2 protein chains.
Amino acid sequence: MGIADRKEREKEELRASILEAARKLFLEKGVEKTSIRNIADLIEYSPGSIYHYFRDKNEIFHALHQGGFHALGEKMQVLGSVQNPMERLKAMGSIYIRFAMENPDMYDLMFIKEAPIDHIYDQEHCDWKEGAGAFDTLRQTILQCIDQGYFKGHDVEPLSYMIWSTVHGMVSLNIRKRCEVIDFEDKDQIVNLGLQSLFKILDKL
Amino acid sequence: MGIADRKEREKEELRASILEAARKLFLEKGVEKTSIRNIADLIEYSPGSIYHYFRDKNEIFHALHQGGFHALGEKMQVLGSVQNPMERLKAMGSIYIRFAMENPDMYDLMFIKEAPIDHIYDQEHCDWKEGAGAFDTLRQTILQCIDQGYFKGHDVEPLSYMIWSTVHGMVSLNIRKRCEVIDFEDKDQIVNLGLQSLFKILDKL
DNA sequence: TTGTTTTATTGAACAGTGTTTAATTAAATT
DNA sequence: AATTTAATTAAACACTGTTCAATAAAACAA
């Protein structure tokens, strides 16, 4: 069925172009200020036609959110070359924070916003597989640290959660503009100094 | 001028009733789903009249956000009786987390949402005094810890930021539903276990 | 008690929003 | 060529925050 194939391909292309337009507008103006009509205007289709490719606005931004996890996963690839688990844990933190600071809107979508996560729990999927995968790489690394004698007296799950929370907390306070209360010139540097503070603590455990 | 006083009082009363209605609706449905018309309906005034008491919707929610900081400050009062700075720091963490978990919508408004903080930096005030005050009590406590010999090799500012980030990270991941990836039955308890993990670390510093 | 001024309140309108649907157009199949 | 299927659209619905001219009410001055 050559014709069906072509139609499938064309449908996929339009779907991709909706996503591309949504991505462009989202990075320019944010999720809330990007409307279905904006996206439709950009790809020169009517607003209604978008609903033949996506159930609703949340599904579009959920797809973008997936792309963000793919991008973050790519950046984490280099961790394969770091043998020592404690060094790998630190490198993970650095990459995580760099990703968040270089792509604040994407990070916001992935870890702060309500929109894409609400969409997940409304659907039948019912589990956040992108997040679960990312958290598992952290869990495994910390497990290896424990195996090597680090983090004595700590349980993997709460410890992984706490360490994730520390880096997430630092970047999310920054992205959501709660860092102005901190006495420091450069707002980008305070995040890195906070990370150094965390590293100093990890070294003592 | 008794009449002017009464008018002032009446104006203040209506302003308060707008705030009360906004608070009620906000705690029921959240900020985004609480509209000016909803508030106006509840107090039986027209939508337009609300704009004689508040510049815009953000100003209403900024006022509620201030109320949240007042409530948090009240809960922090008991810290006065804790002499040991390290014990006080831990107690601060416990109270902070309890406040966040018991008042997730208010915490969201205070530390996660864009709305009220954007309003602050749009105005001429230009500084988040509620947040600055709260952070300073943390800073002072950590400073006293350092004076007593704790946290050797750490600077106050980055360390305070990092510790705040840890507790903020834990509750904000929870409030924004990113904790489902963590392997634990009770979602409320994981926050406390994370906090216990943090306490274990603090004990070693 | 007038007339005037200030203040408060309103309904309507504006320019948006996400989403649904009936009608239309285009394409593929019979 | 006729019929069926799929894609696209314009229009409508029920909202949103916000503005503004018109109205009503209250306070002040003569």
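Please read these numbers as outputs of a predicted model, since none were measured by experiment. Note on naming: letters A, B, ... go to the chains in the order of the sequence lines (proteins, then strands), and numbering restarts at 1 for each one.
Between A:Asp41 atom CG and C:dG18 atom P the separation is 11 Å, expressed in whole Å. A:Asp56 has its CG atom 14 Å from the P atom of C:dT21, to the nearest Å. Computed from coordinates, the B:Lys33 NZ to D:dG17 C1' distance equals 17 Å when rounded to whole Å. At whole-Å resolution of the value, CD1 in A:Ile50 and C1' in D:dA7 are 14 Å apart. Across the protein-nucleic acid pair, B:Asn58 atom CG and D:dT16 atom P stand 16 Å apart, rounded to whole Å. Straight-line distance from the CD atom of B:Glu32 to the P atom of C:dG16: 21 Å, rounded to whole Å. If you take CD of A:Glu59 and P of C:dT19, they are 11 Å apart, rounded to a whole angstrom. The NE2-P distance, from B:His119 to D:dG17, rounds to 15 Å in whole Å.
Electrostatic pairing of B:Lys24 and B:Glu28 counts as a salt bridge here, judged by a charged N lying under 4.0 Å from a carboxylate O. Between A:Asp118 and A:Lys113, no side-chain nitrogen of the basic residue sits less than 4.0 Å from a carboxylate oxygen of the acidic one, so the salt-bridge criterion is not met. Ion pair B:Asp136/B:Arg139 flagged as a salt bridge, since at least one NZ, NE, NH1 or NH2 atom sits closer than 4.0 Å to an Asp/Glu carboxylate oxygen.
More than 12 heavy atoms of other residues, nucleotides or ligands sit less than 6.0 Å from atom CZ of B:Arg176.
No cation-pi contact links A:Lys177 to B:Tyr121, judged by a cut-off of 6.0 Å to the six-membered ring centre and 45° from its axis.
Residue-level contact check: B:Leu14 touches the backbone only, with heavy atoms under 4.0 Å from sugar-phosphate atoms and none from bases. Using a 4.0 Å heavy-atom distance criterion, B:Ser49 is classed as a base contact. Note on B:Phe54: nothing from the nucleic acid sits closer than 4.0 angstrom, heavy atoms only.
Judged by atom type and distance alone, B:Arg37 reaches the base of D:dG17 through a side-chain donor-acceptor pair under 3.5 Å.
Taking the centre of each ring, A:Phe135 and A:Trp128 stay at or above the 6.0 Å mark. A distance below 6.0 Å separates the ring centres of A:Phe69 and A:Phe111. Taking the six-membered ring for Trp and the full ring otherwise, the centers of B:Phe61 and B:Phe54 sit at least 6.0 Å from each other.
Closest to the side chain of B:Tyr51, out of D:dG17, C:dT19, C:dT9, is D:dG17. The side chain of A:Tyr53 sits closest to D:dA7 out of D:dT18, C:dG18, D:dA7.
The closest side-chain donor-acceptor pair between B:Tyr107 and B:His168 falls under 3.5 angstrom. A side-chain donor from one of A:Trp164 and A:Tyr96 sits under 3.5 Å from a side-chain acceptor of the other.
For B:Lys57, no side-chain nitrogen or oxygen approaches OP1 or OP2 of D:dT18 to under 4.0 Å.
Each of A:Ser46 and B:Val31 was matched to the nucleotide of DNA chain D holding its nearest heavy atom; the match closer to the 5' end belongs to A:Ser46.
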Could you list all N or O pairs between the protein and nucleotides 24-26 of chain C that sit under 3.5 Å apart?
none

| DNA chain C base-pair string [pairs: Watson-Crick or G-U under 3.5 Å; |: paired with another strand] | |.||||.|||||||||||||||||||||||
